[in-house]
Amino acid sequence: MLYNEPSPLETRVLSRRFGLPDSASLGTYLATEGYQAFLKAARMKPDEIIEEVKASNLRGRGGAGFPAGMKWSFVPRSSPKPKYIVVNADESEPGTCKDRVLIENDPHQLIEGVLIAGLAVDAHAGYIYVRGEYRYLIEILEKAIAEAYAGGRLGKNIQGTGFDFDLYTHTGAGAYECGEESALLESLEGKRGIPRIRPPFPAVVGAFQRPTVLNNVETYCAVPAIILRGGAAFAALGVPRAGGTKMTCLTGNLNKPGVYELRMGFPVMKMIEEVGGGIRGGRKLKAMIPGGSSCPVLTAAECEGATMDYDSMSARKTMLGSGGVIVMDDQTCMVKAAARIIRFYAHESCGWCIPCREGATWLRKILVRFHAGGGTRADIGLIGDIARNMLGRTFCPLGDAAAMPTISIVEKFQEEFEDHLDGRPCPYEHAEHMVMA
Amino acid sequence: MADLLKFTIDGKQLHAKPGTLVIEAARTAGIEIPAFCYYPGLTLQAACRMCLVEVEKMPKLMTACTLPVSEGMVVRTDTPQVHSARKYMLEFLLTNHPLDCPVCDKGGECELQDMTFRYGAGESRFTDEKVHTPEKQFSPVVFYDAPRCILCYRCVRICNEGLGVGALGVINRGVVSEIAPNKGDHLECDECGACIDICPVGALTSGIYRYQTRPWEMNHVGTICTHCSDGCRTTLGTRNGRIVRGNNRDSSGINGEFLCIKGRYAFDFYDHPERLLAPLARVDGKLTEVSWARALETVAGKFQQTLAGGGSFGVVGSNHTTNEEDYYLQKFARQVLRTDHIDHHRTGDLATLLDALSGQADKLATVADLDQRKAILILGADLALEHPLLSFQVRANYRHHAARIYALTPRPVREDKYAVKSLRAGRPEEYFAALESLRDALRSEPEMVAVFDDSVQGEDIGKLVEFAESLGIPVKYICLLDYSNSRGALDMGLAPELLPGYAPAARPGMRLREMLEAELDVLWVVGSNPLKAAGRKAGFLVVQDMFPTETASQADVVLPAAPAYEKDGTVTNVTGEVQRLKRAIEVMGAKPDLEIMGFLAREMGVAAVLGPWVPDAVFEEIRARVRGYGVPAAVIAAGGAAQTTPVNGRIPAEIPRAGEARRAHSAHNGLFASGTLGRYSRVLTSVLEGRLGR
């Protein structure tokens with residue numbers, strides 16, 4: 001189902017079947033060029049597939065933005081070991097809700113993307129690792145997979161190409177950390193979801209110690225279009241160093257929140273004002289998180305002239321991330337926002353390494369206390385200090401994810417912290433939207 | 001050395017083999033990189049983040065424990081950024097640490113204390129509430145205090161990787177993560193305590209040692225464990241004449257820091273309430289405490305009277321007494337009592353193996369060989385339960401050198417998990433059929449160590465050696481024996497057919513069972529319980545022991561003996577490695593067996609014949625006179641181990657008599673059994689009772 005009306009400003013590539021009757025069915029998929037990309041890819045050499053993906057400038061949509069084609073090219077195709085395709089559907093980054101929409105509305109597009117990745121690296125089995133809380137998606141996926149098997153789109157000798165591929169779903173148990181690729185693989189293998197030491201990277205030593213391609217749902221979903229229309233056409237939709245469109249999740253104090261497919265490089269203010277329908281209640285923009293809560297926040301001033309792509313965000317010392325845009329209006333308490341964000345990361349820290357486990361918890365304790373009026377001036381400096389002592393020193397990026405938004409909020413909104421000193425009540429307490437469960 | 005990589009750490013030009021980790025390379029150059037989770041020999045974690053260092057051309061600090069050196073690498077460990085990382089990592093660790101150092105067992109030898117002292121901040125900035133969870137008892141041996149735990153996962157790894165047990169894991173997530181036992185609320189494991197010793201902080205503590213002392217109040221004595229024959233070195237911590245702790249944290253000895261429950265905790269038999277601390281003699285038919293003078297006088301008088309009357313003597317030696325005691329005892333028996341009836345309870349048919357290998361060099365494996373040789377063949381024994389050190393070595397060999405293990409055992413064994421081939425076989429004919437099926441596989445191994453227990457005896461040993469030698473690869477052997485000096489007992493000639501050094505006895509006397517059944521005038525039992533399930537036949541019974549055993553309670557005179565931890569001397573382990581015992585404590589009332597025998601000799605006026613009863617002097621005589629025992633004295637004196645050299649030449653193997661196919665009987669003691677000593681060890685019995693109760 002769809003949760004929002006589409007916007008005319010969208011460029012619908014991955015979402016082009018959204019809204020079609022029975023869009024998740026194999027019938028609808030086949031009627032709309034479904035599995036044509038697979039057939040085309042099956043006639044290509046594996047290197048040609050990878051070159052096409054490289055030419056598309058498709059960068060990993062999970063948040064890190066690593067070029068997908070390059071990732072695929074790292075898989076030692078000549079290895080005698082079996083290779084695996086793993087789909088990261090552990091969508092857990094606060095503010096991000098695009099993968100569920102892609103799976104709900106067009107699961108066959110994902111399956112076809114996985115098949116093409118299989119062709120590219122000579123893999124014959126794949127796993128879709130689905131976030132534990134997305135249990136209902138398993139049913140949708142299982143149904144689509146069963147249809148695909150029945151329709152000869154999975155299994156032995158798919159569509160007469162001689163290519164075999166089996167696809168399985170696997171559900172997580174509700175850990176954010178399992179969205180980190182190596183922790184996901186541990187969890188997939190039935191172990192505790194903690195990250196692995198890298199190198200070796202999953203392309204060489206991945207699932208079950210075998211070479212593995214591991215990408216986000218949205219990344220695989222872009223592949224059929226890239227193969228059908230050509231990498232260059234996909235690249236042309238975006239900006240020079242990032243091709244295609246981005247499934248963008250607009251959340252926060254907007255009139256029209258929702259998931260929209262926008263070209264890479266879409267202007268931020270236009271996105272907020274026009275796609276998102278502007279700030280709710282006619283209020284003013286205070287801050288915006290561009291790519292999920294792990295990204296440093298941008299002030300309203302920093303949003304001016306920014307575009308939704310990796311380079312523009314990087315120039316503003318933040319990240320495009322997963323495309324989970326969180327818009328905060330002028331009634332938002334930034335101390336509370338920081339506390340809410342750190343509560344998430346302290347709760348989700350896997351506990352493996354010291355700085356993340358202890359640092360995030362310490363930050364949570366200070367920020368919650370601070371917002372309740374128990375803060376001191378020294379705490380303001382300490383919050384930044386703790387976060388900086390975590391940054392870059394943790395085992396995996398979860399620690400950075402906890403540190404970066406905290407640092408940006410305490411640096412950019414220091415006066416709001418000062419407003420909470422001396423037991424003063426939060427001046428923004430009446431704001432209705434910030435859930436502090 | 002063209003294949004060495006050149007790199008720089010803190011300006012020092014260094015070289016190392018490819019694959020060397022920065023943390024190890026730095027250590028060899030005298031540069032300490034602190035770490036909690038890094039532990040040599042265990043898998044890498046990169047969890048504690050203490051070892052972060054600066055590496056040129058790398059944007060972030062790198063963990064020295066996972067980073068291999070590379071050509072031209074420039075590492076800096078002494079920069080403000082590195083210092084800050086260490087300082088604040090410790091600050092993070094201490095946020096939820098209870099800082100209860102004054103009442104923590106680990107206080108004074110705690111790595112967290114030491115690191116905080118060297119690298120930490122002077123004051124705490126943490127003012128919020130700490131996470132607290134109550135302490136838990138995992139087993140009679142293991143206690144866990146989660147708030148102290150820094151989650152370095154050493155315990156999880158030593159249990160899983162080192163012991164092959166995997167009884168510890170991590171539960172929960174984030175800041176409330178904690179170590180948990182395999183059975184939910186309790187542990188079912190080897191109870192070896194390795195997790196406790198390896199814990200850098202006081203999170204895991206032992207039920208035996210906790211709250212006994214401050215570490216700096218102890219004296220430490222390195223000696224050899226007196227239980228099984230593996231010969232682990234254990235460092236006993238003593239205070240006020242009591243043993244309060246056993247461990248081997250200095251990694252001395254053939255066992256490194258490995259110890260099982262017996263070596264670590266089962267020293268506690270020494271103060272069992274039933275321990276004999278005064279001689280006993282029959283007064284009006286009842287065993288009654290008497291003075292040492294009266295007891296020695298009684299025994300010496302009886303010995304002299306029997307000698308004068310041309311009476312018969314039988315002597316039963318021990319599997320636990322020292323080489324010096326065994327040597328002195330057989331000398332006493334043969335030269336003073338003029339008897340050939342001397343034996344001990346044999347637990348493996350070692351003499352036949354030595355005979356089968358006669359004329360060949362380099363055929364007896366050491367404990368180190370089990371960690372070094374490419375292939376290991378195990379026949380019969382459940383090594384993990386009966387010979388924990390040997391099993392540990394085999395596992396380490398598998399983990400570090402990909403050793404190929406073949407296990408032919410009657411029941412499933414821990415080695416099955418690592419073995420290239422596991423076959424169930426229990427009887428010799430089954431072994432030989434199984435071995436034939438493995439012939440091609442074994443032939444393709446570059447070398448092998450064959451380990452067998454008492455299920456292979458007599459001519460089957462000859463067949464086994466014949467089979468192994470026909471493979472055309474170098475093979476070494478280990479004949480498993482039960483106790484701490486089972487090997488020495490045979491080497492020292494506590495056998496009717498063998499003099500010390502396996503020289504043939506001129507007139508082989510009675511063997512153990514024959515002595516027990518014969519109506520001897522005097523039976524002298526030293527450190528053994530042969531009449532556990534039988535009545536005595538001898539006219540006069542003298543027993544030297546620690547406890548009122550079934551044999552002791554039938555004696556005419558009982559002389560209270562001291563255990564290994566209360567005496568000096570040497571013992572020889574299952575692989576023929578001689579090591580030194582060092583007295584840890586003295587217990588009033590009991591005497592070492594050597595001293596008891598010396599006093600008896602003096603009482604009889606024959607002391608000059610037997611020579612001084614001082615361990616060092618007897619050991620010198622052994623080194624000079626006993627074939628194979630010319631081991632370097634300095635190595636032994638310094639606490640090292642030296643393997644005896646093989647006795648080359650045919651050994652007069654005992655002739656099997658009718659109805660007695662088996663010459664040796666192993667007790668197959670498991671992890672929590674240790675013959676008589678085990679019955680009097682509270683920790684061993686409490687673990688066993690705990691399991692039965694469940």
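At a 4.5 Å heavy-atom cutoff, the contact between B:E129 and chain A is made by backbone atoms alone. Of the atoms belonging to B:R125, heavy atoms from both backbone and side chain fall under 4.5 Å from chain A. For A:A175, the parts sitting under 4.5 Å from any heavy atom of chain B are the backbone and the side chain alike. Within the 4.5 angstrom heavy-atom criterion, only backbone atoms of B:I171 (N, CA, C, O) approach chain A. The contact between A:E348 and chain B is made by backbone and side chain atoms together, counting heavy-atom distances below 4.5 Å.
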| task | List the steps and the verdict of side chain to side chain contact (heavy atoms under 4.5 Å, CB included) for B:S84 and A:R393. | result | CA-CA 11 Å; B:S84 143; A:R393 294 176 184 174; 3.3 Å; yes
| field | Stepwise side chain to side chain contact (heavy atoms under 4.5 Å, CB included) test for B:V175 and A:W362 | value | CA-CA 10 Å; B:V175 78; A:W362 190 4; over 6 Å; no
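In this structure, the separation between CD1 on A:I354 and CG on B:L151 is 8.0 Å, given to the nearest 0.5 Å. The distance from the CD1 atom of B:I150 to the CD atom of A:E358 is 10.0 Å, given to the nearest 0.5 Å. A distance of 9.5 Å separates CZ of A:R364 from CG of B:D128, quoted to the nearest 0.5 Å.
Within 6.0 Å of atom NZ in B:K87, 12 or fewer heavy atoms from other residues, nucleotides or ligands are found, so the atom counts as exposed in its surroundings. Applying the 6.0 Å contact sphere to NZ of B:K130 captures more than 12 heavy atoms from other residues, nucleotides or ligands. Atom CZ of A:R135 has 12 or fewer heavy atoms from other residues, nucleotides or ligands within 6.0 Å. Counting heavy-atom neighbours within 6.0 Å of A:R241 CZ, excluding the residue itself, gives a total of 12 or less. The 12-atom threshold is exceeded at NZ of A:K191, counting heavy atoms of other residues, nucleotides or ligands nearer than 6.0 Å.
Between A:Y176 and B:R173 the shortest side-chain heavy-atom distance does not fall below 4.5 Å. Contact of the B:F92 side chain with the A:M390 side chain is registered, since non-hydrogen atoms from C-beta on lie closer than 4.5 Å. Considering only heavy atoms from C-beta on, A:R357 comes within 4.5 Å of B:L93 through its side chain.
In this pair, A:W352 and B:Y153 present their aromatic rings parallel. The plane angle is below 30°, not in the 30 to 60° band.
For the pair A:R192 (side chain) and B:V170 (backbone), a donor-acceptor distance under 3.5 Å is present.
Most heavy-atom pairs under 4.5 Å with chain B, from the set A:S349, A:G193, A:C356: that is A:S349. Interface check for chain B: of the options A:I197, A:I194, A:T361, A:D385, the most heavy-atom pairs under 4.5 Å are formed by A:I197.
Taking every heavy atom of both residues into account, B:S177 and A:G351 meet most closely at OG-CA, 4.0 Å.
The only member of B:T95, B:V131, B:T127 that meets side-chain contact (heavy atoms from CB on, under 4.5 Å) when paired with A:K365 is B:V131.
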